[in-house]
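A quick write-up on the structure given underneath.
On a predicted model such as this, the values are computed, not experimentally measured, just so you know. Computed over heavy atoms, backbone and side chain alike; hydrogens, waters and symmetry mates excluded. Starting from 1, each residue takes its place in the sequence as its number.
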Amino acid sequence: MNSRDAPRTRRVFATAAMALVVLYVLVDIVLQLLPPHYSVVTDAESDLAVGPFGWAMQVNFVARAVMSGCVVVVVTLGTPDTWLRRTGSALLAVAGLCSAALALLPTDVNAAGEYGMTPHTAVGFAHVVFATSGFLAVIAAMAVLTRGAGRQRAVLALFLVALAGLVLLALSLTLAPQAVGLAERLCLGGILGWAFALCGTLRNPAEPI
C-alpha cells in the first residue's frame, strides 16, 4: 500500500471499528428491553441470541468479528512491525473468528432456577468453547498491544477493566453463578471500550503506539 494512502485507510478502518462498537452496545441494550427479557445480572449475553429477536444478536456477533478485523487493520497500519504487533494482531483475529462462530452456535439457555454456563447439548458446548476461547484470545491480545501502548492511559485502564471482568467471571462461575451475566458484561464492556479507545488514538497519525 502507498505510504500516502496508509493514514487515510487507517482512519477509515478506525472509524468503522468505533462505529461498530457503538452499534454493538446499542443492539445489546435494545435486546435487553425486548422479550424474553433476560437478566443482565444472572443471564449470559449469549442468551440474547435465543428468542424471537435472536437474529439481531447473531448479526451482532458477526459485527463484533468485523470490528475485530478492523482493529487488526488499524494496528497493522498504525504501529511498527514488531512481535508485539504481530502477536496481538493474530490473537485479535482469532477472537474475531470465535465471535463469528457464536452466530452459528446457539447457546443453551438456563432453565428456571439454574445459573451459570452449563451446556446441555453438543452445540451449546461448542458455543461455550468458542466464547471462552474468544475471551481468552482477546484479553491476551489486549495485554500484548496495551504493553506497546505505553502512555495511553485510557487504553490501559480499559484493559484492566476487561481483565478484572474476566477474573470476576471465572470466580462467579464457581462461587456465585447468579452473577455470571454481570461479570461477563463487565469484561465485554472493557473489551469494547479498549477497542474504541485504541482506534480513537490510532486515527491520529501523530500518535503511534
Side-chain angles (χ1 to χ4, degrees), residues 13-29 31-32 40-41 43-49 57-75 79 84-85 87-103 107 117 127-149 152-173 179-203 209:
F13 277 88
T15 301
M18 295 168 76
L20 285 169
V21 168
V22 173
L23 177 63
Y24 189 95
V25 173
L26 290 176
V27 170
D28 253 19
I29 292 173
L31 288 177
Q32 284 292 161
V40 297
V41 176
D43 295 320
E45 185 214 24
S46 293
D47 288 0
L48 295 173
M57 192 64 217
Q58 293 169 351
V59 173
N60 224 19
F61 284 139
V62 175
R64 195 168 88 196
V66 174
M67 181 273 293
S68 298
C70 289
V71 177
V72 169
V73 174
V74 172
V75 169
T79 63
L84 286 173
R85 192 199 77 183
T87 302
S89 296
L91 288 167
L92 274 178
V94 169
L97 291 174
C98 287
S99 180
L102 299 182
T107 189
M117 297 181 184
H127 181 98
V128 171
V129 170
F130 277 102
T132 302
S133 300
F135 270 118
L136 294 176
V138 73
I139 292 294
M142 292 167 66
V144 172
L145 295 175
T146 298
R147 179 182 175 186
Q152 303 301 332
R153 294 181 179 177
V155 175
L156 175 59
L158 288 162
F159 163 66
L160 294 176
V161 169
L163 183 60
L166 184 65
V167 172
L168 290 174
L169 178 58
L171 291 174
S172 67
L173 286 170
V180 161
L182 186 61
E184 182 193 26
R185 285 167 175 80
L186 176 64
C187 182
L188 184 59
I191 292 169
L192 295 173
W194 177 89
F196 190 94
L198 182 66
C199 288
T201 295
L202 293 179
R203 285 179 66 190
I209 280 186

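- Residues Met57 and Tyr24 form a side-chain contact, since some pair of their non-hydrogen atoms from C-beta on lies under 4.5 Å apart.
- Across Gly88 and Val144, no two heavy atoms sit closer than the pair N-CG1, 4.0 Å.
- A donor-acceptor pair under 3.5 Å is formed between the side chain of Ser172 and the backbone N or O of Leu169.
- Under the salt bridge (Lys or Arg N to Asp or Glu O under 4.0 Å) criterion, Glu45 pairs with Arg64, not counting sequence neighbours.
- At a threshold of 4.5 Å between non-hydrogen side-chain atoms, the residues Val138 and Leu92 count as touching.
- Residues Ala137 and Val94 approach most closely at CB-CG1, 4.1 Å, considering heavy atoms.
- Within the 4.5 Å cutoff, side-chain heavy atoms of Trp194 are placed close to those of Leu145.
- Nearest heavy-atom pair across Phe13 and Cys70 is O-CB, 3.7 Å.
- Residues Leu188 and Asp28 approach most closely at CD2-OD2, 4.4 Å, considering heavy atoms.
- Ala162 approaches Met142 most closely through the heavy-atom pair CB-CE, 3.6 Å.
- Judged as a side chain to side chain donor-acceptor pair (under 3.5 Å), and not counting sequence neighbours, the contacts of Ser46 are His127.
- Counting only distance, with no hydrogens or angles, the side chain of Arg203 and the backbone of Cys199 share no donor-acceptor pair below 3.5 Å.
- Judged as a salt bridge (Lys or Arg N to Asp or Glu O under 4.0 Å), and not counting sequence neighbours, the contacts of Arg85 are Asp81.
- By the 4.5 Å heavy-atom criterion applied to side chains, Val75 and Leu198 are counted as neighbours.
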